[in-house]
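Accompanying notes for the structure given below.
Protein chains get the first letters and strands the later ones, always in sequence-line order, with residue 1 at the start of each. This one's a predicted model, so the numbers in the text were calculated from it and none came from an experiment.
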Protein chains: 4
Amino acid sequence: MRPVPTPRKAPRQARSQHMVEQILQATARILEERGYAGMNTNAVAARAGVSVGSVYQYFPNKDSLIAALHERHGAQMYAAVDAVLADPRPRSLREQLAAMVHAWLVAHQVEPELHKVLEKEFPFFDAPSQDSPAGDNSFRRILSMLEAHRDEIGQSDLDLATWVLLRMMESLVHAAVMDAPARFAAADIERCIVDALDGYLRAGAA
Amino acid sequence: MRPVPTPRKAPRQARSQHMVEQILQATARILEERGYAGMNTNAVAARAGVSVGSVYQYFPNKDSLIAALHERHGAQMYAAVDAVLADPRPRSLREQLAAMVHAWLVAHQVEPELHKVLEKEFPFFDAPSQDSPAGDNSFRRILSMLEAHRDEIGQSDLDLATWVLLRMMESLVHAAVMDAPARFAAADIERCIVDALDGYLRAGAA
Amino acid sequence: MRPVPTPRKAPRQARSQHMVEQILQATARILEERGYAGMNTNAVAARAGVSVGSVYQYFPNKDSLIAALHERHGAQMYAAVDAVLADPRPRSLREQLAAMVHAWLVAHQVEPELHKVLEKEFPFFDAPSQDSPAGDNSFRRILSMLEAHRDEIGQSDLDLATWVLLRMMESLVHAAVMDAPARFAAADIERCIVDALDGYLRAGAA
Amino acid sequence: MRPVPTPRKAPRQARSQHMVEQILQATARILEERGYAGMNTNAVAARAGVSVGSVYQYFPNKDSLIAALHERHGAQMYAAVDAVLADPRPRSLREQLAAMVHAWLVAHQVEPELHKVLEKEFPFFDAPSQDSPAGDNSFRRILSMLEAHRDEIGQSDLDLATWVLLRMMESLVHAAVMDAPARFAAADIERCIVDALDGYLRAGAA
DNA sequence: GATGAATGAGGGTTCATTCAT
DNA sequence: TATGAATGAACCCTCATTCAT
């Protein structure tokens, strides 16, 4: 058991996508209800209405279940970013940032409990990381976007700026979702996140 | 086993501070070497040169060991912030922020491996949280500092701004320590963090 | 799992002798490489390039695979003995014994690894046992041979003598193949085995 | 699971010899009743009136239980041989051999069922092997004995002769105990074994 | 017949925790 | 208080076997 599972093996591609889906759903539900500590492969199988053996047919071990959920979550985040950046309508830097933040926050509304557990117990897994192909793709899209707004940006190293930007988005959205004190309005927090991103990028500019 | 242990009970205060120290050191070393998955109370006891029974004399359960380490780490962070803010010399807002970030990064140099494990496997534990007395203290100190620089700050809600600021510091320092790509110089990252904090606070200002 | 499988059912006779052959070969190879503990029906099927279902088409259960291999091995031993005894050329008692021992040792040269595993993990299976038809046949042939040399033999009960003789051959050849210390030359060991058989039979003679 | 367990770790020496004894007894009884396949650590623990944890306190794994039983059996065999050879009364070669064989057969009367299982499922484990200190000791004692009777022995290489002798004793006693057909009287078989040993040694003599 | 996905009982092992000494 | 032997619930994973296609 390791709290930070590396995706060992992807579920073998099977046309039994349905079974894989069942299993992941069961994993997600159990994770939401009982946390990592309360999750075990037999329970997942039972919940999925499947035998343990079948779980191991598609997932090499317990942690790969979590890893798969993470990958899926990560993919949703990539998709959210990509969807925003793919939009051809001209937008100001701040609008772009706001759209990205908004998309990300919205993406976290689906299965918020699951995301909470995933992020709380296995952080640093849902961020578009440059290590994964999809993550790298997001990285490059954002970099392009920054280049397109070069003149509004104070940071000289856009590569570094992209990395910092992603880290900020990820962790601030994370914080907003995870443990924002009730006394702060969601909209205010959202605006603050955009302020932070925007402020960071412009900082250093003459 | 729960990846995110709540500090159930603080170690009973005993003259045997020495034993408590031994136990925590052992826990830290094992955590560094083997991660949470490889840690168990028997191993901790053996490494500390005491009996399991003694571990349970001072710590109610396994997780409280981790919690204690977290608290200690958190305390170091509080102390770092407090030390900076307690400094009476007049400083600009940016200087204050830079000093805080620097102090925090420096604080992470001690037992970096331990911090990595703690933050990787049990995030959101080292931040001065408003929930703890010490954390609340830090929170208030920062809030005061912001108030002292009210005119340089664009954010209208300083309470919210303080919370965002702490979240940013925490997660950006975290990211810097944990997984900064080798191609980015530490000094550049540090400056970026200050830019981000500074940029955020100023944003929204007319 | 039972270390000493009784051949429950012989492979149903099928035209697909080829498939049976593939399966047994796969079993043998896996046994050689990984021992009984590392053998499982799925692996056998995979190695044989057939489906598990097919394995069960021809073999009622896992152990019957081992049993079949044993039978085959036993048959080779029977054949070796029979071939020697069928030889019409007149030979002295010692020559007959020497020929049998030699034939048996030679028979163990084929697939020595497999034989080692079979004999190490499932002993008492390769001997021409009186319980099997073929074994009984060998038993009777040897008995006849002894009767033909009645005058050179000290043992009064030739039935018993045959049994002892077979046990000796089997176990000494076994020992020679399995764990003869390197310091003993194969030829010397072989001669010793013949000495033992010969010495035994003559013992008790006036 | 491996049918031929190497004694991994000896039970830690503990004054809880009693518990170790209970556990081994339980293992033996279960082995007798259900064979290796029917033995499992939980059953052993239950039968021993002990918790599984305790079994693992003294034995590193399942197989070490079997290994311990084997060692014990082997030790009994060593002891039997040693007792005979330590006897100072002058005896002829044949008498010595007969005494050894007898001692060994007698030693197999204790817990015959257990011995059957041990030898059937894990052969080559009860023989005084030169690899173990005790085995080497037996080996040397027998060698000395043969040297003392040098003039009666036809074999020129007494080292080799000792090895063959041990192999013969071991396997013939084994066969006698394991699967002697009912039609042969025990006394006759015993005499045959002595004949075989005696005959072998004298063979080759002028 | 052939296939191989699905089954699920079963078992070895770990380790947090207790408690008699 | 300190000890550490003892406990036993819990869990991951394997693999012989089945059966619908």
Rounded to the nearest Å, what distance is computed from the [atom1] atom of residue [X] to the [atom2] atom of nucleotide [N]?
| X | N | atom1 | atom2 | answer |
| --- | --- | --- | --- | --- |
| B/I23 | F/dT3 | CD1 | P | 9 Å |
| B/F59 | F/dT1 | CZ | C1' | 16 Å |
| C/H18 | E/dA2 | NE2 | P | 13 Å |
| B/Y36 | E/dT14 | OH | P | 17 Å |
| A/Y58 | F/dC13 | OH | C1' | 18 Å |

Under a 3.5 Å cutoff on both atom distances, Watson-Crick or G-U, what's the dot-bracket for DNA chain E ([ ] crossing, | other strand)?
.||||||||||||||||||||
Is there a donor-acceptor contact under 3.5 Å linking the side chains of B/E21 and B/Q17?
no
Could you tell me the separation between the [atom1] atom of [X] and the [atom2] atom of [Y], rounded to the nearest 0.5 Å?
| X | Y | atom1 | atom2 | result |
| --- | --- | --- | --- | --- |
| C/L24 | C/F59 | CG | CZ | 4.0 Å |
| B/H115 | B/L69 | NE2 | CG | 8.0 Å |
| D/M39 | D/E32 | CE | CD | 13.0 Å |

For the backbone of B/V50 and the side chain of B/S54, can you confirm whether one donor and one acceptor N or O come within less than 3.5 Å of each other?
no
Does B/H73 reach the main-chain N or O of B/L118 with its side chain, forming a donor-acceptor pair under 3.5 Å?
no
Which one of B/I30, B/I66, B/V117 satisfies the side-chain contact (heavy atoms from CB on, under 4.5 Å) criterion with B/Y36?
B/I66
Hey, are C/E111 and C/R29 close enough for a salt bridge, meaning a charged N less than 4.0 Å from a carboxylate O?
yes
Contact letters for nucleotides 7-13 of chain E, in which S counts primed atoms plus P, OP1 and OP2 and B counts the base, heavy atoms under 4.0 Å:
BBB-SBB
